[in-house]
Each structure stands twice: as structure tokens, then as C-alpha cells.
Amino acid sequence: MSEPASRYNAKESEAKWQAVWADRRSFAAGEDFDRPKYYVLEMFPYPSGRIHMGHVRNYTMGDLVARYKRARGFNVLHPMGWDAFGLPAENAALENKVHPAKWTYENIANMKAQLQSMGLSLEWEREFATCDASYYRHQQAIFLDFLEAGLAYRRESWVNWDPSEHTVLANEQVIDGRGWRSGEPVERRKLSQWFFRITAYAEELLQALGDLERWPEKVRLMQANWIGRSEGCRLAFELEGRDDQVVVFTTRHDTIFGASFLALSADHPLAADLAAKDPKLAAFVEQCRKTGTSEEAMERAEKLGYDTGLRARHPFDPGKTVPVYVANFVLMEYGTGAIFGCPAHDQRDLDFARKYDLPVLPVVVPADADPATFEVGEEAYVGPGKLANSAFLDGMTVAQGKQEIADRVEAEKRGNREVNFRLRDWGVSRQRYWGCPIPVVHCEACGVVPVKREDLPVKLPDDVEFDRPGNPLDRHPTWRDVPCPACGKPAKRETDTFDTFVDSAWYFSRFCSPRSDKVVDRDAVDYWMPVDQYIGGVEHAILHLLYARFFTRAMQQCGYVGVAEPFAGLFTQGMVCHVTYRDDAGNWLLPAEVERTEDGALVHGPSGRRVTTGRSEKMSKSRKNVIDPEDIIDRYGADTARWFMLSDSPPERDLEWTESGAEGAWRFIQRIWRLFAADPGRLRPSYGAMPAFGDSALALRRATHIAIQSVTADIEGFRFNVAVAHIYELVNAIHAFKPTGEAGDQWALGEALRVLVRLIEPAMPHFAEEMWALAGNDGLVCQQPWPAADAALLVEDTATIAVQVNGKLRATLELARDLAEDDARAAALADERVQRSLDGKSVRKVIVVPNRIVNIVA
RNA sequence: GCCCUCUUGGCGGAAUUGGUAGACGCGCCAGACUCAAAAUCUGGUUUCCUUACGGAAGUCCCGGUUCGACUCCGGGAGAGGGCACCA
């Protein structure tokens with residue numbers, strides 16, 4: 001027998017157990033659809049090439065949940081895949097002359113090896129990448145269904161066009177009106193684009209948020225704001241000297257008598273009509289289109305208007321007319337593209353009115369103001385009050401006024417109540433190569449014709465050139481040329497590809513039957529969906545999570561899935577942060593480059609220059625405050641990295657990576673290891689009759705069962721940092737255990753150690769397996785059931801009661817549990833320290849909270 | 001501008017949801033072991049006064065409710081996040 005090693009060898013152990021799990025397919029989901037299921041999913045990664053600490057944190061949490069739920073007897077689905085289409089692959093192709101497919105699949109191979117080194121309990125057999133034709137062919141099929149269902153359509157829309165790259169840019173890619181890469185001024189162009197009709201579900205998507213009880217309130221709120229429902233009224237104004245009308249949308253129809261102008265969007269048909277005969281207006285419209293494409297630029301832009309000279313008749317005040325402007329701040333895409341302005345009660349209208357010298361008539365007067373003298377100065381009044389200067393509305397509240405106007409408008413057929421949403425249809429066309437081809441063909445005779453289903457997938461061609469910017473599909477010599485599916489004459493393929501958010505909007509459904517010839521196997525999705533626990537970064541709170549919700553509803557409508565909501569539970573984890581370092585010259589430094597000198601100063605290792613420490617920020621390449629997970633795993637092993645990820649910070653908050661914290665996690669593993677290495681046999685299960693326990697053994701048993709109870713509750717409640725603390729307490733109790741030589745000692749210690757191994761397995765799976773085996777147990781600890789706490793051991797027969805005098809703690813008493821109130825009161829009053837602080841004062845009242853506190857009011 | 005969240009020792013954080021504030025970890029201090037260092041073990045560690053016993057203050061600030069407030073209410077400050085010409 002060789003000497004036991006003096007330390008736990010993580011590297012050897014981790015490789016060994018990973019091989020065992022893979023060999024035994026320990027984490028494959030069961031095919032038995034009668035068992036209770038649990039679907040755990042972490043947001044799948046983009047294959048950038050290497051995993052980062054954010055991934056480590058995300059997948060550690062998901063793995064903890066998956067392993068815990070398995071132990072609780074659930075049939076667990078825990079798959080992994082790759083969100084593999086996207087721009088970085090094309091940029092790499094441009095810069096490094098490597099094909100996007102090669103670049104992507106090599107990155108996947110690297111990252112897969114890294115994820116596997118973490119020991120995640122994933123079912124790799126279900127792996128796919130969204131760039132696999134075997135995945136995106138089904139996405140193309142879904143698109144054809146959406147097309148038939150009217151959920152996908154094509155229309156002209158304004159886009160940001162980079163003239164030097166020949167491509168459309170997302171709003172985020174336009175910086176100060178210039179392309180982020182080219183630096184060229186961006187043009188607004190009108191292009192035919194594909195859209196998904198997410199607005200058809202606006203109301204549902206909003207209403208259903210209320211039922212997503214296991215979603216963070218914050219995310220639900222953000223989605224609600226994004227959908228942006230507002231109840232208002234559509235209302236027609238007649239134009240003087242013309243037959244047509246201007247229809248406006250408003251949510252403040254109660255303020256109609258304060259109207260002092262109408263404003264049209266520059267893209268409004270009437271504006272175009274007028275501009276045809278008015279060159280100055282035409283110039284103004286042109287100017288509006290040019291100004292800023294980014295949100296920020298639009299916000300800074302001055303509010304400008306052009307008086308068309310037209311006048312509109314007030315719908316309820318026959319004598320009154322108001323001027324009609326074209327204004328740069330009115331959006332064609334929202335409401336009707338026209339508004340009425342009531343300057344007294346809307347800040348933007350007020351600014352506009354002051355600029356163009358239009359009347360400001362208050363029509364809502366706050367309760368404490370005098371209607372005769374109330375005036376609006378620099379700030380519009382948007383609060384509650386009574387209507388005034390408003391004919392038949394005078395004296396009504398805002399709500400009554402709205403109701404009255406809406407009733408009259410509908411009765412007189414001048415308009416109607418209307419609900420509007422901020423949410424827009426989802427534009428999914430991208431002028432890119434590395435994405436899922438949109439399966440349609442453009443035929444001169446037949447127009448836009450869907451590709452026949454039997455001809456799917458429309459595969460990306462491999463032989464493409466990346467020598468120039470723009471979409472290589474456009475210049476491919478042959479790929480575009482196909483016969484029209486309808487008439488058979490020569491036609492052209494669509495060269496746009498889908499937004500990559502489409503790929504990630506349904507992958508969780510595909511995981512249920514990833515090798516199916518169909519889009520999904522209905523049996524499988526009916527069993528597995530919805531995802532019981534989805535985990536990812538809060539940065540996806542709106543786009544990805546909203547698209548996925550829309551997609552699932554749309555797929556339900558098309559008969560693919562039986563659920564409307566994809567994610568029953570959502571958890572958004574915080575970021576991983578690290579302090580930043582800069583040298584004298586202001587260069588960012590990697591933590592690995594920074595050394596501590598003997599006198600404690602920080603210097604740049606190679607140069608010896610002084611280093612200043614900046615505040616902790618999200619790890620980012622630009623700030624260089626990154627720690628490579630691979631380095632940590634090499635040095636300490638995956639279990640240490642995983643343990644640290646769960647310690648200290650609550651999962652939803654940001655976590656600061658520190659070297660000392662990582663070392664602490666490493667030390668903790670060694671500390672447990674010493675418990676076992678001393679005498680591995682102690683862990684061996686004892687099935688004999690339960691012996692009698694001495695006080696010491698009983699105390700250890702209590703600590704063990706309290707740990708089971710607390711850790712279980714902590715995991716269920718996503719308080720992983722608290723679970724970690726409770727495990728520390730158990731280890732401390734085991735270390736402090738002093739055998740008294742009684743029969744129960746070994747039994748209690750064996751129980752404590754077995755429970756400990758079971759409790760740490762979801763967090764430190766390799767180490768737990770190693771300890772389990774070291775102690776001579778059969779099987780794998782990851783297949784052992786979760787322990788149950790013995791209720792009898794959770795309550796002690798005494799309780800520590802705090803005694804307060806006038807709310808201040810004066811003594812603590814060890815009293816029998818559930819002692820009668822009178823006895824507790826008597827015991828408290830009898831205490832010497834209590835008497836001393838009472839100092840002869842008479843007791844007025846005594847409050848007794850059983851097993852907790854006695855408060856004496858004197 | 002609108003909406004939301006957070007604020008507790010030197011640091012990360014805990015507190016059974018109104019009942020002993022500071023669990024647990026990091027760091028630090030002291031001691032043991034060692035020729036020494038590392039590792040490990042033991043003890044201490046909110047602040048102030050006191051040699052001690054003990055006492056006082058204390059959860060961003062001000063005020064309130066309560067026998068009792070980190071927790072509930074009102075007002076304010078600071079930090080962070082989301083949306084932002086949405087009529």
C-alpha cells in the first residue's frame with residue numbers, strides 16, 4: 001500500500017470521472033415519458049473560440065440545478081448546443097482568410113473541450129449548431145409555415161445602409177451617423193425586408209407576463225415597457241379647403257380643447273402629397289430623413305416643424321381651426337403618423353409651441369389652483385385635475401373627459417378608441433452570408449415564391465469569396481440561379497439570410513428531439529416543454545426572451561408545440577467582474593501581468609512600471625481585466641472554479657473574481673479531503689441497527705440534518721451562496737466533532753460524511769465522486785438520491801431566548817422548547833441581569849414570543 | 001425625462017420575512033507546529049469607552065408606525081440598470 005497522497009489531485013481525478021460519466025452515459029435523459037421531467041437549460045453560447053468566466057458561472061449554476069433535480073428523482077433534460085451563425089465568423093473570414101464554417105466549427109471543437117473540462121452533466125448526444133443544415137432546414141420549414149399563416153411578410157422599410165460595405169447595419173452598429181467599421185456616413189434606404197408579425201401577439205405577450213411567476217419581476221417589467229401598450233383614441237380632423245382628413249392618435253383626448261396645432265410625420269402621405277407642390281416642404285422632408293439614424297442622434301436633434309399653411313377644423317369647436325405642421329419628431333410607424341399638439345399638457349408640444357409661437361391654453365387645472373389664473377410656464381402640466389376651458393367637459397376629471405370624448409367620437413363616427421403598442425414587427429432580413437438562407441425565390445412573372453418543402457434545405461454555398469465587403473451570396477456565380485418553383489422559368493434566390501435571433505428563438509424546442517426528421521417530435525416536445533429552468537444573462541431580457549416567447553406562440557399556432565410559453569422559470573445571473581489595472585502610461589494590463597513587490601506595491605511584471613488599480617468592472621477584453629477559465633482549471637481544477645462561482649455573491653448579483661477567493665475554494669476542497677484521507681473507511685455505509693448516541697454524536701447528527709434542510713431550501717430558492725455557507729458550517733461541525741468513545745460516534749460521523757459528499761456533488765462533482773469512491777462505496781454519487789432531513793433532529797429540546805428590556809438585549813436564556821408563556825416570563829424576570837437593568841422600575845407589560853424573545857416594557 | 005433596483009464591518013455577503021444584526025467566506029492580528037518558510041491547527045476580529053466586569057452607539061441620511069424596524073410607511077442622498085421624440 002502506497003502512502004496516501006498529501007493533497008487531492010484535482011487534475012487526475014477530474015479527467016477520470018469525466019471519462020466514467022461519458023462512458024456510462026450518466027446524464028442522458030430517460031426515454032420514459034411517464035416519469036416527472038425537469039428541463040434545465042442555460043442560454044447556449046456563441047462559438048467565439050474560448051469560454052469566458054461568464055460561461056463558467058452560467059453553466060455552473062445550470063449544472064447545479066440539473067444535478068440536484070436528478071438527485072430528487074426527476075428525469076432531467078440538460079442539453080448543450082451552439083448559436084453558431086453571426087457576423088464575427090464573417091469578420092474573421094475577411095481578416096484571416098478563413099472560411100466562416102471552418103472558423104466556427106473549429107471554435108466549437110475548442111469550446112466543447114473546455115466545457116467538457118468543467119465536468120458539466122450535459123447530454124452531449126443532443127448537441128447541434130444552428131449553422132448545421134440539419135438544424136436550419138427546419139427553421140426554413142417553420143418560415144414557410146409562418147408565411148402561410150400570415151406571420152411572415154415582406155415590405156419596404158427604412159434601413160441603415162453602409163455604402164462602402166454594401167450592407168445594412170443594425171442601429172447599434174451606427175455610431176454618430178457613421179458605420180462602426182467603415183466610418184462612412186450611413187444612408188437611410190428603403191429596402192424590401194422580411195418581417196415576423198410579432199405585433200399580432202402584442203396583447204397576449206403582455207398579458208401572459210402576469211402568469212410567469214418564476215420570472216424575475218425586472219425582466220417582466222422590461223418586456224412590458226418594451227411592448228408599450230397605450231390606450232387612446234383615433235380622431236379625425238377635417239381640413240379647410242380640402243376633402244380629406246387628418247387622423248391622429250392620442251392618449252390625451254381629454255385635452256382636445258387645448259389643441260393648438262396638428263403635426264404630421266415627414267413620411268406621412270399628406271406630407272408627400274403637399275411636398276410635391278411645395279419645394280420648401282420637399283426640402284424639409286428630405287432634411288428630416290437625413291437627420292440621425294441612431295436613437296441618440298434623434299434625441300439630440302432639435303424639434304423642427306414646417307407650417308404647411310393648411311388649417312384643420314377643431315372637431316368639437318366649430319369656430320376654431322389649428323395650423324397643420326410637418327414635424328421631424330413625429331414617427332410614421334406609431335399610431336397614425338399624425339398628432340394633435342396640446343402644449344399646456346405635453347412637454348414636447350410645449351417646446352414646439354414656444355418655438356413657433358403657438359397658443360398655450362391650459363385645460364386641466366390642478367385641484368389646488370384657481371382655474372381663472374392657472375397658467376403653464378416652462379413646464380407642461382401633466383398631473384391630475386379638473387377640466388376647464390373645455391365647453392361640455394368643464395369640471396370633469398381627466399378620466400371622465402377621456403370617456404366623454406371617446407363616446408362622442410365613436411357616436412359621431414369621427415374615430416374610435418384604439419390600443420396602440422410600441423412593439424414593432426420583427427425585421428429578420430440580414431444582408432449577410434453566414435446565416436440561415438430565407439427559402440424564397442424571386443420570379444419576374446410570379447413574384448416572391450416560397451421554395452418547395454421537398455427542396456429544403458436551401459443550403460449555403462461553400463465556395464464564396466470574402467475579398468470584398470458586402471454579401472458574397474449576391475456575387476456568387478451560380479447559387480442565385482434557380483428555376484421558379486411556380487412557373488419553372490429562370491428566377492433568383494433570395495440572398496438575405498435570417499437574423500441570428502431567429503436561430504435562438506426555437507432551439508430549446510429542437511433539443512427535445514434533436515435528430516428528428518421533422519421540425520420537432522410532438523411527443524417529445526409535449527413531454528419536455530416548457531423549459532422548467534432557463535438561466536442566462538439579463539442582457540437578453542428583452543430581445544431574445546421576447547422573440548422566443550413570440551416564436552413559441554407562433555409554433556403553437558402552426559401545430560408544432562402544445563405550449564405558448566417556452567420558459568416556465570427564468571433566472572438571470574449577474575456578471576463576473578474583476579478589478580482593472582493600468583500602468584503610468586494609461587495602458588490596460590492583464591491581471592496576469594501584474595505583480596506585487598515586497599513592499600506591497602503593484603508593478604507591471606515585465607517592465608517594473610507602477611500600476612494603479614481601478615474599480616471592479618465586468619470582465620472585458622478592452623479593459624483586459626480577464627481571467628481565462630482554462631488557466632484556473634489547469635491550476636486548481638474545475639471543482640475549485642465551480643465552487644468559487646457559487647460562493648460569496650448571490651447568483652443574480654455581480655461576482656468579483658479574486659485570486660484569494662479562488663485559493664479559498666481550493667483550500668476548502670483540501671480541508672474536506674483531509675477528513676476522508678485520514679480514514680476512508682469512515683464513510684462506508686452502515687446498515688446495522690442504529691446505536692445509542694452520546695451528546696457529541698447527537699450534536700453532529702443535528703448539524704448534519706440541519707445542513708440537509710438548509711442546503712435543500714437554499715438550492716430550491718437559488719441562494720447558492722447561502723447553500724455554500726451552510727456546507728461550510730457542516731464541515732466545521734465535522735472538524736469540531738470530538739468522539740467520546742460511545743457506540744454512536746462512528747455511525748454519526750459516517751452519516752455526516754456521506755451527507756456532505758451528497759450535498760457537495762452538484763457543485764463539485766468530480767471531487768464528490770472521488771471521495772465517494774475513496775470511502776469504498778459502490779456506484780456513482782451523482783446517482784445517489786438526495787438525502788432527507790429527519791424532522792426529529794431539526795428541533796432541539798431547548799431554545800435560546802433573548803430577553804429585552806425596553807427593546808434592548810439584556811440577557812439570553814436557555815429554556816425548554818415551547819415553554820409556557822408564563823414560565824418564560826417568570827424566568828426572564830428572575831434573571832439577575834434583567835433585574836439589574838430594570839433597576840427597580842415597575843414592569844408595565846411583557847411580550848413573549850415563544851422560543852424567540854421576551855421583551856419587558858418598564 | 002420616464003420606469004426599476006440597490007445601499008449592512010477592512011471586503012463579498014447572511015439575517016427563518018417585524019423578534020439576539022454581522023452566519024459563512026476573504027483579509028487581518030495573535031498563538032501552536034517548524035532551524036525557517038509554506039501548508040496546517042487553535043483563538044480573536046463592527047465601532048467607541050473600560051486593565052477587566054461591563055456599558056454606549058451602530059444596517060446611507062432625516063422623520064414616522066410598533067413592546068420591538070436592516071425589514072413596514074413618508075421625505076431625501078448616492079450608486080447601478082432599462083426605456084427614451086411612442087403622441
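Naming: A, B, ... by sequence-line order, numbering from 1 per chain. Keep in mind that the numbers below use all heavy atoms, side chains included, and drop hydrogens, waters and symmetry copies.
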| Test of ring centre spacing under 6.0 Å for A/Tyr356 and A/Phe261 | no

| Would one find more than 12 heavy atoms of other residues, nucleotides or ligands at under 6.0 Å from atom CD of A/Glu379? | no

| task | Could you tell me whether A/Arg833 contacts a base, only the sugar-phosphate backbone, or nothing, with contacts defined as non-hydrogen atoms closer than 4.0 Å? | result | nothing

| query | On a whole-Å scale, what distance lies between the P atoms belonging to B/A15 and B/A79? | reply | 27 Å

| request: Tell me what A/Val330 touches on the nucleic acid: a base, only sugar-phosphate, or nothing, going by heavy atoms under 4.0 Å. | output: base

| Atom CZ of A/Phe720 and atom P of B/A23: how far apart are they, to the nearest Å? | 23 Å

| query | Centre of A/Tyr201's six-membered ring, under 6.0 Å away, within 45 degrees of the axis: is that where NZ or CZ of A/Arg549 sits? | reply | no

| message | Please give the distance between the P atoms of B/G76 and B/C26 as a whole number of Å. | response | 42 Å

| Nearest-neighbour nucleotide for the A/Arg348 side chain, B/A23, B/G19, B/C85 considered | B/C85

| query | How would you label the glycosidic angle of B/U20: syn (within 90° of 0) or anti? | reply | anti

| message | Need one value for A/Phe249: base, sugar-phosphate or nothing, where a base atom within 4.0 Å counts as base even if backbone is also close, heavy atoms only. | response | base

| field | Passing candidate, ring-ring contact (aromatic ring centres under 6.0 Å, His included) with A/Trp426, options A/Tyr547, A/Phe195, A/Phe501 | value | A/Tyr547

| Which whole number of Å gives the distance between the P atom of B/A39 and that of B/U46? | 24 Å

| Taking RNA chain B as the partner, which of residues 843-858 of chain A come within under 4.0 angstrom of it by heavy atom? | A/Lys845, A/Ile847, A/Val849, A/Arg852, A/Ile853, A/Asn855, A/Val857

| said: Under 4.0 Å, counting only non-hydrogen atoms across every strand here, what does A/Ser230 touch: a base, just sugar-phosphate, or nothing? | reply: sugar-phosphate

| Nucleotide forming a Watson-Crick or wobble pair with B/C2, both distances under 3.5 Å | B/G82

| query | Think A/Asn420 has a side-chain N or O under 4.0 angstrom from the OP1 or OP2 of B/A87? | reply | no

| request: Classify the glycosidic conformation of B/G80 as syn or anti, calling it syn when the angle lies within 90° of 0. | output: anti

Taking only nitrogen or oxygen atoms into account, show me every contact under 3.5 Å that the protein makes with nucleotides 39-42 of chain B, one pair per line with its distance.
{"residue": "B/U40", "atom": "O3'", "partner": "A/Arg674", "partner atom": "NH2", "Å": "3.2"}
{"residue": "B/C41", "atom": "OP1", "partner": "A/Arg671", "partner atom": "NH1", "Å": "3.1"}
{"residue": "B/C41", "atom": "OP1", "partner": "A/Arg674", "partner atom": "NH2", "Å": "3.4"}

| Quick one: what's the B/S/- string for nucleotides 2-12 of chain B, heavy-atom cutoff under 4.0 Å, read 5' to 3'? | -SS-------B

| query | With a non-hydrogen cut-off below 4.0 angstrom, is A/Asn732 in contact with a base, only sugar-phosphate, or nothing? | reply | sugar-phosphate

| query | Does B/U20 have OP1 or OP2 sitting under 4.0 Å from an N or O in the side chain of A/Arg810? | reply | no

| Using the C1' atom in both, what is the distance from B/G58 to B/C4, to the nearest Å? | 30 Å

| query | Using purine N1 to pyrimidine N3 plus N6-O4 or O6-N4 for Watson-Crick, or N1-O2 and O6-N3 for G-U wobble, both under 3.5 Å, which nucleotide pairs with B/U7? | reply | B/A77

| A/Trp666 and A/Phe644: aromatic ring centres closer than 6.0 Å? | no

